**Q** 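I have a structure here, written as structure tokens, and I will follow up with some questions on it.
What you are looking at is a predicted structure, and each value in this text was computed from that prediction instead of being measured.
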Amino acid sequence: MGSIWEYANPKKFTRTVDVVLPPVAVLAALSLVVGLVWGFFFTPDDYKQGSTVKIIYLHVPSALLAINTWLMMLAASLIWLIRRHHVSALAARAAAPVGAVMTVIALVTGAIWGQPMWGTWWAWDPRLTSFLILFLFYLGYIALWAAIENDDTAADLTSVLCIVGSVFAILSRYAVNFWNQGLHQGASLSLDKEENVADVFYYPLLMTIGGFVLLFIALVLLRTRTEIRARRTRALLARERMI
């Protein structure tokens with residue numbers, strides 16, 4: 001078995017993606033279709049929240065990915081800073097727009113869910129506020145990559161930004177544990193079975209989360225492959241200009 005560091009080689013990574021991406025994309029599509037259809041059409045209304053509760057199948061998976069995408073970017077950024085593997089830096093760059101979209105979905109679906117439950121579209125709740133700040137960090141990260149022409153310099157600076165922004169990713173995950181006040185409920189999924197939603201909602205939710213995770217993997221693999229090819233193209237163009 002080869003070392004995981006072999007995939008730091010852009011050619012090997014690209015060849016692997018060519019093989020892995022199609023089945024992952026198919027599994028993502030199947031999981032999402034099954035999970036969302038199961039959740040929206042074959043689960044009952046909640047005795048308190050009515051049909052509004054079914055937005056959980058979009059809100060919870062997107063919120064989980066909004067947080068964990070940033071943590072994945074943190075890991076990739078640390079690998080770049082320590083080992084200077086370009087694939088890791090490009091993977092972090094590729095993941096950022098996906099994470100930003102997931103954060104928007106989480107914020108919007110949370111507002112739609114919260115309005116009938118709380119009587120307001122928005123509240124400066126600790127978790128909501130940290131999520132909003134996390135979204136701004138996503139935008140700043142994407143903008144910083146776009147603003148710096150040299151890829152290595154951009155990777156260095158965005159890695160530092162990623163480390164700083166990780167504070168808000170952690171706060172977004174654990175805000176309800178740090179502060180007792182706030183409208184947002186506790187976790188819908190937990191290692192503690194007593195904190196999970198009812199089984200009738202739990203299993204389709206797991207299926208939907210699996211679909212979102214597979215979709216994330218497929219998108220990041222696709223975008224990282226694209227970033228590698230774009231970097232190679234820029235290098236070739238720069239070499240031609242020097243001739």
Side-chain angles (χ1 to χ4, degrees), residues 20-73 75 95 97-118 121 123 125-128 130-131 134-135 169-178 180 182-222:
V20 171
L21 183 57
V24 171
V26 170
L27 285 174
L30 289 175
S31 299
L32 285 172
V33 169
V34 171
L36 292 174
V37 170
W38 184 4
F40 281 114
F41 298 104
F42 294 97
T43 58
D45 293 347
D46 184 67
Y47 75 101
K48 285 185 178 180
Q49 303 181 47
S51 60
T52 308
V53 72
K54 296 185 180 183
I55 205 168
I56 194 174
Y57 302 113
L58 293 175
H59 179 69
V60 170
S62 59
L64 286 173
L65 279 178
I67 298 167
N68 288 297
T69 296
W70 192 275
L71 297 180
M72 169 260 164
M73 291 163 54
V98 182
V101 171
M102 291 297 173
T103 309
V104 170
I105 294 173
L107 288 169
V108 171
T109 55
I112 295 172
W113 194 1
Q115 202 283 329
M117 296 300 104
W118 305 337
W121 297 97
D125 176 277
R127 177 170 283 189
L128 299 182
S130 57
F131 244 87
L134 178 62
F135 174 63
I170 295 171
L171 286 177
S172 298
R173 172 63 182 85
Y174 295 106
V176 292
N177 298 332
F178 295 153
N180 292 325
L183 295 174
H184 199 285
Q185 68 185 48
S188 298
L189 294 174
S190 171
L191 294 176
D192 180 0
K193 176 65 177 174
E194 294 181 359
E195 293 187 20
N196 289 330
V197 296
D199 286 350
V200 69
F201 303 113
Y202 179 74
Y203 294 112
L205 179 57
L206 287 181
M207 177 67 72
T208 309
I209 290 173
F212 268 77
V213 170
L214 289 169
L215 176 63
F216 166 77
I217 293 171
L219 290 174
V220 171
L221 289 176
L222 176 62

**Q** In Å, rounded to the nearest 0.5 Å, how long is the span from CD1 of Ile56 to OG1 of Thr109?
**A** 10.5 Å

**Q** Where do Phe201 and Pro44 come nearest, in terms of heavy atoms and distance?
**A**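 Result for this residue pair: CE2-O, 3.2 Å.
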
**Q** Is there a donor-acceptor pair under 3.5 Å between the side chain of His59 and the backbone N or O of Ala106?
**A**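 Present.
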
**Q** So how far is it from Leu205 CG to Leu58 CG, rounded to the nearest 0.5 Å?
**A**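 Going from CG on Leu205 over to CG on Leu58, the span is 10.5 Å.
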
**Q** Report the distance from atom CD1 of Ile67 to atom OG of Ser130, rounding to the nearest 0.5 Å.
**A**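 One finds 7.5 Å between CD1 of Ile67 and OG of Ser130.
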
**Q** Would you list the atom pairs, donor with acceptor, under 3.5 Å between side chains in residues 28-43 and any protein atom, with sequence neighbours excluded?
**A**
| residue | atom | partner | partner atom | Å |
| --- | --- | --- | --- | --- |
| Ser31 | OG | Leu27 | O | 2.8 |
| Thr43 | OG1 | Gly39 | O | 2.4 |

**Q** Would you please name every residue forming a side chain to side chain contact (heavy atoms under 4.5 Å, CB included) with Leu221, sequence neighbours left out?
**A** Phe13, Val17, Val20, Leu21, Ile217

**Q** What do the steps show when you test Val101 against Val104 for side chain to side chain contact (heavy atoms under 4.5 Å, CB included), and what is the final call?
**A** CA-CA 5 Å; Val101 171; Val104 170; 5.6 Å; no

**Q** How far does CG of Leu107 sit from CD1 of Ile112, to the nearest 0.5 angstrom?
**A**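 CD1 of Ile112 is found 11.0 Å from CG of Leu107.
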
**Q** Mind listing the closest non-hydrogen atom pair of Pro61 and Thr208 along with its distance?
**A** CG-CG2, 3.9 Å

**Q** Could you list the residues that satisfy side chain to side chain contact (heavy atoms under 4.5 Å, CB included) with Val98, not counting sequence neighbours?
**A**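 Applying side chain to side chain contact (heavy atoms under 4.5 Å, CB included) to Val98 gives Phe216, Leu219, Arg223.
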
**Q** Within the 4.5 Å heavy-atom criterion, are Leu64 and Met102 side-chain neighbours or not?
**A** no

